[in-house]
There are 2 protein chains.
Amino acid sequence: MRLFILTIFTIMSFSGQAQDKVVLVIHGGAGTILKKNMTEEKEDAYEAKLKEALLAGYEALQAGKTSVEAVQAAINVMEDSPLFNAGKGAVYTNAETQEMDASIMRGQDKEAGAVAGVSTIKNPIDAAIAVMEKSDHVMLTGEGAEEFTEKQRVTIVDTSYFKSDVRLKQLKRVQDHEKAVLDHDGDDSGEFDGSENEFNVDYIEDKKFGTVGAVALDSSGNIAAGTSTGGMTNKRYNRVGDSPIIGAGTYANELVGVSCTGHGEYFIRNVVAYDVAALMEYSNMTLEEATEKVIAKQTEIGGKGGLIALDKDGNVSLPFNTAGMYRGYITESGEIVIEIYEAGI
Amino acid sequence: MRLFILTIFTIMSFSGQAQDKVVLVIHGGAGTILKKNMTEEKEDAYEAKLKEALLAGYEALQAGKTSVEAVQAAINVMEDSPLFNAGKGAVYTNAETQEMDASIMRGQDKEAGAVAGVSTIKNPIDAAIAVMEKSDHVMLTGEGAEEFTEKQRVTIVDTSYFKSDVRLKQLKRVQDHEKAVLDHDGDDSGEFDGSENEFNVDYIEDKKFGTVGAVALDSSGNIAAGTSTGGMTNKRYNRVGDSPIIGAGTYANELVGVSCTGHGEYFIRNVVAYDVAALMEYSNMTLEEATEKVIAKQTEIGGKGGLIALDKDGNVSLPFNTAGMYRGYITESGEIVIEIYEAGI
């Protein structure tokens with residue numbers, strides 16, 4: 001089995017390096033995403049949006065733009081869709097507000113930017129990029145982050161932009177769950193009513209999950225990684241997960257870029273995104289070995305979720321320990337792969 | 001030279017394991033701490049307070065308390081002193097408020113807690129510990145963190161508790177500096193006027209530095225690391241540095257504990273605290289080799305500061321790339337070493 005896995009990896013690695021390397025990989029959240037709870041319509045909607053995100057980033061790369069711009073383009077598409085827990089589709093906090101987090105890291109100079117707990121920024125990844133490029137800081141939070149962002153070329157919206165009946169209903173269900181102890185096996189998989197907003201009611205069970213992310217490799221060989229999230233439904237106390245934490249939810253250097261999704265607290269404690277890079281650099285692991293090891297470590301401590309990683313040679317790995325993860329990648333020649341269920345593409 | 005260093009380390013390592021291992025190490029900030037700007041009185045005051053912190057933590061350990069409790073005891077002493085940029089001595093933000101950050105990590109189960117941007121908590125490390133022990137979260141920020149903390153056994157104070165003429169004067173000088181471009185070689189070393197509050201005017205030049213931290217090894221062999229800071233004088237936009245970021249400013253596992261101090265943005269980008277652990281685990285480096293490597297990486301990207309690290313065998317390392325770092329450690333038998341200038345104890 002071990003040999004079998006290594007053989008497959010060698011083939012993947014070779015094909016990646018030799019001709020058609022992956023240039024962009026994305027995720028739209030991991031969790032209890034089960035085929036039995038899906039309809040064809042729902043699957044199609046996710047696949048179409050993931051494809052749109054991949055093509056937006058690919059177009060940027062084809063136009064000679066940087067890996068940061070490609071990550072931004074891909075994440076913007078997902079942030080603008082109610083399908084994902086980021087931007088437009090951000091979940092509700094306990095106080096019925098949205099508090100979004102995002103981060104970006106540029107591999108070649110290890111510059112980074114992040115915002116946490118922002119409520120008025122249409123595309124939090126844009127704010128993270130502004131922090132990286134226009135400030136001396138890495139991380140700005142709350143109203144301060146918004147005040148800084150308002151001075152940049154970043155779109156500010158009224159908080160009503162983020163309101164949605166579906167997300168509010170999810171909040172109420174989560175709150176009801178909290179009241180009804182041991183009632184967590186109820187009917188939360190959700191009936192699809194045909195509206196786009198109704199799509200990911202499956203997040204109710206995965207209230208700690210969500211998040212979108214992207215890692216890109218540009219024509220100069222530079223890697224960037226970014227992550228954007230609405231965080232956890234019903235969150236309190238200005239809780240911050242791993243998404244805006246450099247090293248935990250996002251990391252990039254000259255060798256590899258990583259974006260994570262899952263139960264953020266566990267991803268912080270294991271410094272997951274950087275751990276992939278450390279295993280590759282210090283233990284000479286391949287991308288595949290490093291990412292599988294890191295997810296195994298997550299499983300050990302009970303941390304559910306997944307990650308996407310792309311190395312400088314265009315090898316890609318997308319492991320997770322949940323039932324599913326919305327994910328996909330595009331190669332230099334434009335070949336697209338999109339998956340929702342099962343580990344390993 | 002290489003052999004020489006290894007030999008020395010072997011001796012240290014042996015002596016640590018064999019009889020009188022270090023059980024607690026602390027720092028009180030790194031920066032442009034120059035002998036020429038110090039008076040004997042000033043040195044004595046710092047040394048006395050560092051000793052008090054070491055003894056407070058040591059007493060906890062001797063009483064059979066946990067490494068978390070020892071870290072808390074040591075940090076509380078420094079937080080309660082105006083000498084350090086944490087708690088009582090926290091620097092002013094641009095808005096003339098205090099916004100403090102702290103984090104804790106317990107090595108044996110890799111549980112962690114952190115607060116960022118809190119203004120009403122007397123001892124932010126206590127709040128970080130409460131987050132670790134009493135919540136499902138790792139990181140809470142701003143008013144949410146305060147709201148959570150108020151429900152715990154953590155002392156809340158009026159914001160007037162943190163006000164000080166000396167820190168306000170530092171803010172004004174930093175703000176004047178920003179106005180007067182290229183005027184950064186002015187007289188900022190400060191004249192000591194005899195009051196305790198006047199002690200660290202040297203922080204004016206090091207407005208990004210400060211921070212206190214501790215790493216302890218308890219009688220059960222468990223390691224904990226903690227960090228507490230007022231952040232950066234004149235900071236804006238709810239900027240968050242490395243101190244509340246698990247992996248960057250603080251990290252502990254079964255092998256080693258680390259607490260950092262310095263220009264936080266650079267410490268975040270290099271995931272400094274976790275990098276020490278990763279180099280030891282994945283590259284089989286000794287504590288000394290790993291910490292020196294990590295500080296060398298900081299120097300490469302222009303990140304000034306230092307760190308303290310303590311491993312499971314009681315070996316200690318306290319490297320920095322600034323002129324000085326307030327630091328000290330205590331061994332199992334109660335031997336105390338305190339230093340301010342020069343790299344390497």
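Below, each value reflects all heavy atoms present in this structure, side chains not excepted, and no hydrogens, waters or symmetry copies.
Ranked by heavy-atom pairs under 4.5 Å with chain B, the list A/N253, A/N284, A/I268 is led by A/I268. The greatest number of non-hydrogen atom pairs below 4.5 Å with chain B, out of A/I246, A/V131, A/D242, A/L279, is found for A/L279. Across A/T149, A/D109, A/V240, the residue that shares the most heavy-atom pairs under 4.5 angstrom with chain B is A/V240.
A heavy-atom distance below 4.5 Å is found between the side chains of B/Y237 and A/K151. In this structure the side chain of B/L140 never reaches within 4.5 angstrom of the side chain of A/N238, judged on heavy atoms. Counting heavy atoms from C-beta outward, A/V271 and B/V271 have side chains that approach closer than 4.5 Å. Contact annotation: the side chain of A/R239 never approaches that of B/M139 to less than 4.5 Å [non-hydrogen atoms, C-beta and beyond]. Residues B/K110 and A/I301 have side chains not in contact (no heavy-atom distance under 4.5 Å, counting atoms from C-beta outward). The closest side-chain heavy-atom distance from B/M232 to A/H137 is below 4.5 Å. Within the 4.5 Å cutoff, the side chain of A/I245 has heavy atoms near those of the B/I245 side chain.
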(request) May I have the step-by-step check of side-chain contact (heavy atoms from CB on, under 4.5 Å) for B/V138 and A/R269, ending in yes or no? (result) CA-CA 8 Å; B/V138 169; A/R269 289 166 51 199; 4.0 Å; yes

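Of the atoms belonging to B/M105, it is side-chain heavy atoms, and not backbone ones, that fall under 4.5 Å from chain A. Using a 4.5 Å cut-off between heavy atoms, A/F148 touches chain B through backbone and side chain atoms alike. In this structure, chain A has no heavy atom under 4.5 Å from any part of B/Y266. Of the two parts of B/E146, neither the backbone nor the side chain holds a non-hydrogen atom closer than 4.5 Å to a non-hydrogen atom of chain A.
Rounding to the nearest 0.5 Å gives a distance of 7.5 Å between OG of B/S135 and CD of A/E265.
Contacts of residues 114-125 of chain B with chain A at a heavy-atom distance below 4.5 Å are absent; not one residue qualifies.
Few gaps surround NZ on A/K297; more than 12 heavy atoms of other groups in view lie less than 6.0 Å from it. Taking a 6.0 Å sphere around CD of A/E111, one finds it holds more than 12 heavy atoms contributed by other residues, nucleotides or ligands. Crowding of B/Q108 atom CD: a count of heavy atoms from other residues, nucleotides or ligands under 6.0 Å exceeding 12.
Remark: B/K293 pairs with no residue by the salt bridge (charged side-chain N to carboxylate O under 4.0 Å, His left out) rule, at least two apart or across chains.
Looking only at atom types and distance, the side chain of B/Y282 has a donor-acceptor partner in the side chain of A/D275 under 3.5 Å away.
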